[in-house]
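Working notes, beginning with the structure itself.
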Amino acid sequence: MHIDARTLDPGTLIEGDLCIIGAGAAGISMAMDWTASGRKVILLEGGGFNVEAQMQALYHGESLDRPYYPLRSATLHYFGGTTGHWSGFCSPLDPIDFEKRDWVPHSGWPITRPQLDPFYARANQYLELGPYEYDPAYWEKHDADVRRLPLDSRTFYPKMWQFSPPTRMGTVYRDPILKAPNIHLYTYARVVEIVPTEAVTAIDSLRAMTIDGKVHRVRARQYVLACGAIHNARLLLASNRRATRGLGNDHDLVGRYFMEHFEVIAAQVAFEKPHPFKLYTFPAAGRVRARAELALMGDVQRQHRILNGTAAFYGGPLTGKEQSRFASFSADAEANVKQRQAPRTSTGSSPPPPQVVYRMFTRQEQAPNPESRIVLSAEKDELGMPRADLRWRFTPLDKRSIRVFYELLGREMGRAGLGRVQLMDWLVDGDDAWPDHLSGGWHHMGTTRMHEDPKQGVVDADCKVHGIANLFVAGAAVYPTGGAVNPTLTLVAVALRLSDHLRTKVA
Amino acid sequence: MKRRDFIEIAAAGAAGLAGGSTMFGAESDVAALARPQLLDILRDEDLVCDLGRRYRETVPAEDNADVLAHAIVGGSAAMPQASLCARIAEQVRRDFAHGRTVTLNGWVLAATEARQCALLSLSPA
Ligand SMILES: Cc1cc2nc3c(=O)[nH]c(=O)nc-3n(C[C@H](O)[C@H](O)[C@H](O)COP(=O)(O)OP(=O)(O)OC[C@H]3O[C@@H](n4cnc5c(N)ncnc54)[C@H](O)[C@@H]3O)c2cc1C
């Protein structure tokens, strides 16, 4: 069922069992999971059904410390959220990503990979992926042309990815949500404040505002914040009338530990002779799509005390003109969405001929860092909410990990007699300097991190905000660490786990 | 002096250093010392020579053909007549396996092949 909040009388009280704030990847997967529950679910979406400049302007903020994508277009403020222009690369986190690693300060999830596996399998379906199979042996068995490089399997392995069509959640799940009698979707219902009880131990209600300034009140038994990692933190910090530091922020953690994935060309590999590369090549459209990137085994990360990362092969040598996407990504979200949603022409089914020289594209985990954070700006948006600014900060471990990865790859390529690796200059020069062509993955994580101890995390293992009985967070904001892979498959899995947990609360 | 002649002289020097005439056999074995496998991979002799020059700058104590040749073949006095090529290839592989690598202009190279590059770079073009 759909209600445009702009059509309601000002001051309308909206009530239900469960309220989900934000209809993006996390919020829509959860709502879909409740369609047959018989419970009244309120799904509040700040935007409408299309991307609009006026709504995106509410997302404007500054990157204060280093270049980044324009914040007004890096995430999307409409039904479907940022899946309106995501690329669909999916892979689960590795078991080591969940562990406490003594060389990675603040690492360790309170849940393990096996605990998340059943939810990953469900998330795979929501994102229209193939079978929940990320073991390279499975893919090799199904295609005789798919062969891994003969590298030492105790050091490097092919980390598998699958590719979502990519699922535009706002398109694929619009009808099922609108047709579900128990899901009450309110568009243009932008939450501007979460109002706690007097004692700040539970949520009393929400203030939702339409773009034309009408304010409505929303009450539910349980609340889930699913606005993306930047805007989850923003909303908690801005809800500071009763809790002066912001909700869930007694220990000054909300907004801190912002993490991205480093995406950067870092090296080139020269093979002595061409190798079959189908396993590592971006697959053609129109079938279950999977490919591998090189990754280091957990034990090797442990031995060298480095972060997790992967490397993809891009055909052809370094050009010296490698470019960052930060500058080229448009601030015009409507144009971006149009371009990214345009039908793609299939590149055919055969991979390009194997080459002897490849550029290596790194995706790497960023170490959790309390100084890397989302902060409230003194400036307010059109609806009177403080804007969110970004302070994206790195640690020496971030860069050292990329360098060690390629040094190890260089050794292993030589040992296996396959070829040689050249690290780019920026990688060899110290641990602080980063190249102009550094990009990120548009992956926002960590701003309401998960930890059993309220002094070390904003939410507990059930994604509940510490100290507040009925407020939960969904999305990559809860990640204590981000692993090497893109976040959406995992955040949908974690949201579905939360969904199961809430069933017991709303029974 | 041509690069090839120079290599032979360097190898002879190495033989002297190792103290045995059995150290080097066929001329092709001798040439192997200053012919890193890297040439087959990078396919650019100037580039490989440049790496060699960088090695000599980085390790000035080895900026000398005799020293380099000795460092490559080691002190094994009783080296068999078997292919030096195969022996060096195996040594390169073991260097990589044991992390005996040097990074020159970003290239991760086995210590042995870096010295081979240096030896190559010492010969006039
Ligand atoms: C160009 C691009 C490419 C990407 N490619 C990949 C990829 O290949 N693989 C991958 O895993 N990830 C990718 N991502 C990231 C992916 O899009 C996000 O991880 C994912 O969309 C996050 O889901 P979410 O539900 O947490 O947030 P979002 O999808 O951003 O949804 C948040 C929702 O909350 C709503 N909202 C916000 N504030 C309020 C409020 N105050 N009140 C009410 N509603 C509100 C928003 O309108 C939105 O609908 C990409 C992102 C971009 C930009």
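To find a chain, count down the sequence lines: A is the first, B the second, and so on, and within it residues start at 1.
The shortest non-hydrogen separation linking A:Ala270 to B:Leu42 is CB-CD2, 4.2 Å.
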Can you pull out all donor-acceptor pairs below 3.5 Å that join chain B and chain A?
unit_1: B:Gln37; atom_1: OE1; unit_2: A:Arg420; atom_2: NH2; d: 3.4
unit_1: B:Gln37; atom_1: NE2; unit_2: A:Glu272; atom_2: OE1; d: 2.8
unit_1: B:Arg43; atom_1: NH2; unit_2: A:Glu272; atom_2: O; d: 2.9
unit_1: B:Asn105; atom_1: O; unit_2: A:Gln422; atom_2: NE2; d: 2.8
unit_1: B:Gly106; atom_1: O; unit_2: A:Leu423; atom_2: N; d: 2.7
unit_1: B:Val108; atom_1: N; unit_2: A:Val421; atom_2: O; d: 2.9
unit_1: B:Glu113; atom_1: OE1; unit_2: A:Arg420; atom_2: NE; d: 3.3
unit_1: B:Glu113; atom_1: OE1; unit_2: A:Arg420; atom_2: NH2; d: 2.9
unit_1: B:Glu113; atom_1: OE2; unit_2: A:Arg420; atom_2: NE; d: 2.8

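The line from CZ of B:Phe96 to CG of A:Leu408 is 12.5 Å long, rounded to the nearest 0.5 Å.
Contact annotation for B:Ala110: neither backbone nor side-chain heavy atoms come within less than 4.5 Å of a heavy atom of chain A.
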